[in-house]
Peer 1: 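Mind looking over this structure? Questions follow.
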Protein chains: 2
Amino acid sequence: MTTAQRPTLEAVARRAGVSRATVSRVVNGSTTVAGPIQEAVRRAVAELGYVPNLAARSLVTQRTDSVALVMPEEATRVFSDDQVFPGIIRGAAQELEAADKQLVLMLAGSPAGHARVERYTTGRHVDGVLFASLHGADPLPGKLAQLGIPVVCSGRPLGGADVPYVDVDHVGGVSRAVRHLITNGRRRIATIAGPQDMVAGIERLAGYRNTIAEAGLTERVAYGDFTRESGARAMHQLLDEHPDLDAVFAASDLMAHAALRTLREAGRRVPQDVAVIGFDDIETAAYTDPPLTTVRQPIVELGRALTRQLLRITAGEEIDEALILPTELVLRESA
Amino acid sequence: MTTAQRPTLEAVARRAGVSRATVSRVVNGSTTVAGPIQEAVRRAVAELGYVPNLAARSLVTQRTDSVALVMPEEATRVFSDDQVFPGIIRGAAQELEAADKQLVLMLAGSPAGHARVERYTTGRHVDGVLFASLHGADPLPGKLAQLGIPVVCSGRPLGGADVPYVDVDHVGGVSRAVRHLITNGRRRIATIAGPQDMVAGIERLAGYRNTIAEAGLTERVAYGDFTRESGARAMHQLLDEHPDLDAVFAASDLMAHAALRTLREAGRRVPQDVAVIGFDDIETAAYTDPPLTTVRQPIVELGRALTRQLLRITAGEEIDEALILPTELVLRESA
DNA sequence: TTGTAGGCGTTATCAT
DNA sequence: ATGATAACGCCTACAA
């Protein structure tokens, strides 16, 4: 365990026979340094294996070159099968890597976790904060924005906070899905809605309701929380309350997957007796039986867009408060 | 955009009418401060909304209170459907939260990414480094260990580096799976192996080979890379080369899932004609048709164990070089 | 128990 | 073009 003293600017300077300032200039790519000296400094850096101390640097620059990605979710839900959070992480990681910034991941399911996130982010230990999904009307994004800390949310923040956000076109996607069902002759179309304390749940239900109402049909609603278990429960409930249904739009692929199975167990054929459409287009959707027709949302792209917006803010640019990414109906065999 | 100057120790000290040192003591929970003074300091902290500047703190303490979780994978693979990486992230996040440390996530799929990770971690910008899966004989873990930087790997590092690691009992799990097949009368047992530049792929194949050899049977091997697509390809190949096979062990659930589908398309019934067992026990495994018998690995627990070991090292404790977590055969209907 | 003062490794502002 | 030198905000002997 040779805790080799890591070399400092000072050490490099001595070795190269110059001052610390000059080394700093070379390290930071200033052009105002003579060729031969640059050369010598670079050699010394290489020989000593010098790496700048970020703490010292950010102490003076007031930047940390890292951004936080906050997931205000219970840990169990963050990494469920739906790939939403992983997709956002991946998109954010890609963009951040390109910008040479570090991704600091913060789960904040518990109240204690939420407090930690608040302390950390308001303490300006990151250059900006990304929120991946919000529950209810979380005041934190607004508070950060007010402190002048760059923030971007995934999904319109509930509670009317004036914070920039990126989202996918939930309503448009759902609307296309429901119209597809109608076009194919379905008239008794039910929905398994998502949780109503999350924008995604709210908007997808709104999309269903609008379209059903426009077509003069009757709504049939059961609620889930995006998970398979809740989807199975909701499907049973719908079957009980509306045994005549001929189509189901589920607000997530996981719930749709469970619905598929529940319908089969109940002796209904998909799509002959009941058509099913999901939302997300997770990888599994292509492998269900029958393969699932679903609304695709560009989730990795969402993560990237989120990050690009944040980087724009930190660069002092003005950005639109809302950025909506398109969704797309993917036709397979379930509807 | 009121970039309110954030208060410093100095400001709090003035407000509370004490010295910086005293404030520091209170903030860091020293007991050697008189009650009333503590009280006053706390009030000043609250009123000013003081939050310590971590950069300044770590500059002097030489600690960063953050640990890196490195995923040396192409981004597309890190967040595939198998939930392995998300599970590790989740486990690590849980333990780190308990220890009040920050999780810095680093994807390092590209050579450039790998270089970035190397710079960042060797530069001691984190208190320790966790590796989630390694490809081939990556020299980085060994290098970090030699620099005295705490490291723990998920999976035995290839290339004989002397680095502590945590892994699951691949061989034991596979062995149990294959013996289960044999017990049920299967004799022409094939395997879809994982990539042979990853320990998980290597060990699962070894488990298969050992058990097949012990039973005096003949091996039938095709290779995949843990993904569904590769699983489908491998299954086709096995069907071509060994049309008589009566069982398949796939080294991942995703490959098993694809095998299930490929077998059905080929007119084989599962499990009557061909029994199938997977590895992982992803959520989808319970929803395949038929539900998948598989070897469960405690993936979140792996992430937690990984992190606990690292925290022990940073605390100066001695730890065993290897920690192996048990796997378990989950019987469903495919075998 | 409390305060003083030095230093952690950089960057940035001046001179030179 | 290069070099002193003063911050940056905090912790921690050491002194009182």
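Naming convention: chains lettered A, B, ... in sequence-line order (proteins, then strands); numbering from 1 in each chain. The analysis underlying the following values was restricted to heavy atoms, covering all of them including side chains, and did not include hydrogens, waters or symmetry mates.
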Peer 1: Taking atom types as modelled, is there a side-chain donor on B/Asp127 or B/Thr64 under 3.5 Å from an acceptor on the other?
Peer 2: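 Checked: B/Asp127/B/Thr64 side chains pair up, N/O donor to acceptor below 3.5 Å.
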Peer 1: Considering only residues two or more places apart or on different chains, which pairs with a residue in residues 87-121 of chain B satisfy ring-ring contact (aromatic ring centres under 6.0 Å, His included)?
Peer 2: B/Tyr120-B/His125
Peer 1: I'd like to compare against my own output: the B/S/- annotation of nucleotides 11-16 of chain C with a strict under-4.0 Å heavy-atom distance to protein.
Peer 2: BBB---
Peer 1: Tell me: CZ of A/Arg63 to P of D/dC8, nearest whole Å?
Peer 2: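 Interatomic distance, CZ of A/Arg63 to P of D/dC8: 17 Å.
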Peer 1: Checking all strands, does B/Ile37 fall into the base, sugar-phosphate, or nothing category for heavy-atom contacts under 4.0 angstrom?
Peer 2: sugar-phosphate
Peer 1: Please table the atom pairs, donor to acceptor, closer than 3.5 Å between any side-chain atom in residues 40-52 of chain A and protein atoms at least two apart or in another chain.
Peer 2:
unit_1  : atom_1 : unit_2  : atom_2 : d
A/Arg42 : NH2    : A/Gln38 : OE1    : 2.8
A/Glu47 : OE1    : A/Arg15 : NE     : 2.7
A/Glu47 : OE1    : A/Arg15 : NH2    : 3.0

Peer 1: Within the distance-only criterion (no hydrogens, no angle test), does the side chain of B/Ser24 pair as donor or acceptor with the backbone N or O of B/Arg20 below 3.5 angstrom?
Peer 2: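 Flag not set: sc B/Ser24 to bb B/Arg20 has no pair under 3.5 Å.
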Peer 1: Can you tell me if B/Thr22 touches the phosphate of C/dG3, counting only side-chain N or O atoms and a distance under 4.0 Å to OP1 or OP2?
Peer 2: yes
Peer 1: Going by side chain to side chain donor-acceptor pair (under 3.5 Å), name the pairs with one or both residues in residues 157-168 of chain A, residues two or more places apart or in two chains.
Peer 2: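 Pairs touching residues 157-168 of chain A that pass the test: A/Asp167-A/His170.
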Peer 1: Nearest whole angstrom, please: distance from the P of D/dG9 to the CD of B/Gln62.
Peer 2: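 Computing the B/Gln62:CD to D/dG9:P distance gives 19 Å.
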Peer 1: Between D/dG9, D/dA4, C/dG3, spot the one nearest the side chain of A/Leu59, thanks.
Peer 2: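 Looking only at side-chain atoms, A/Leu59 lies closest to D/dG9.
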Peer 1: Specify the separation, in whole Å, of atom CZ of A/Arg14 and atom C1' of C/dG9.
Peer 2: 13 Å
Peer 1: Give the C-alpha distance, both sets of side-chain angles, the deciding distance and a yes or no for salt bridge (charged side-chain N to carboxylate O under 4.0 Å, His left out) between B/Glu118 and B/Lys143.
Peer 2: CA-CA 9 Å; B/Glu118 174 156 359; B/Lys143 184 182 289 185; 2.5 Å; yes
Peer 1: Have a look at the helix from C/dT1-D/dA16 to C/dT16-D/dA1 and give the angle its two end axes make, five pairs each, rounded to 10 degrees.
Peer 2: 40°
Peer 1: Applying side chain to side chain contact (heavy atoms under 4.5 Å, CB included), name anything that partners A/Asp320, two or more places apart in sequence or on another chain.
Peer 2: none
Peer 1: Please determine whether a side-chain nitrogen or oxygen atom of B/Ser19 lies at a distance below 4.0 Å from atom OP1 or OP2 of C/dG3.
Peer 2: yes
Peer 1: Find the distance A/Asn53:CG to D/dC8:P and express it as a whole number of Å.
Peer 2: 18 Å
Peer 1: Do B/Glu318 and B/Arg312 sit within salt-bridge range, that is, some charged N less than 4.0 Å from a carboxylate O?
Peer 2: no
Peer 1: May I ask you to decide whether B/Glu301 forms a salt bridge with B/Arg308, counting only side-chain N to carboxylate O separations under 4.0 Å?
Peer 2: yes
Peer 1: What is the distance from CG of A/Leu48 to C1' of C/dG9, rounded to the nearest Å?
Peer 2: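 Atom-to-atom, A/Leu48 to C/dG9, this comes out as 15 Å.
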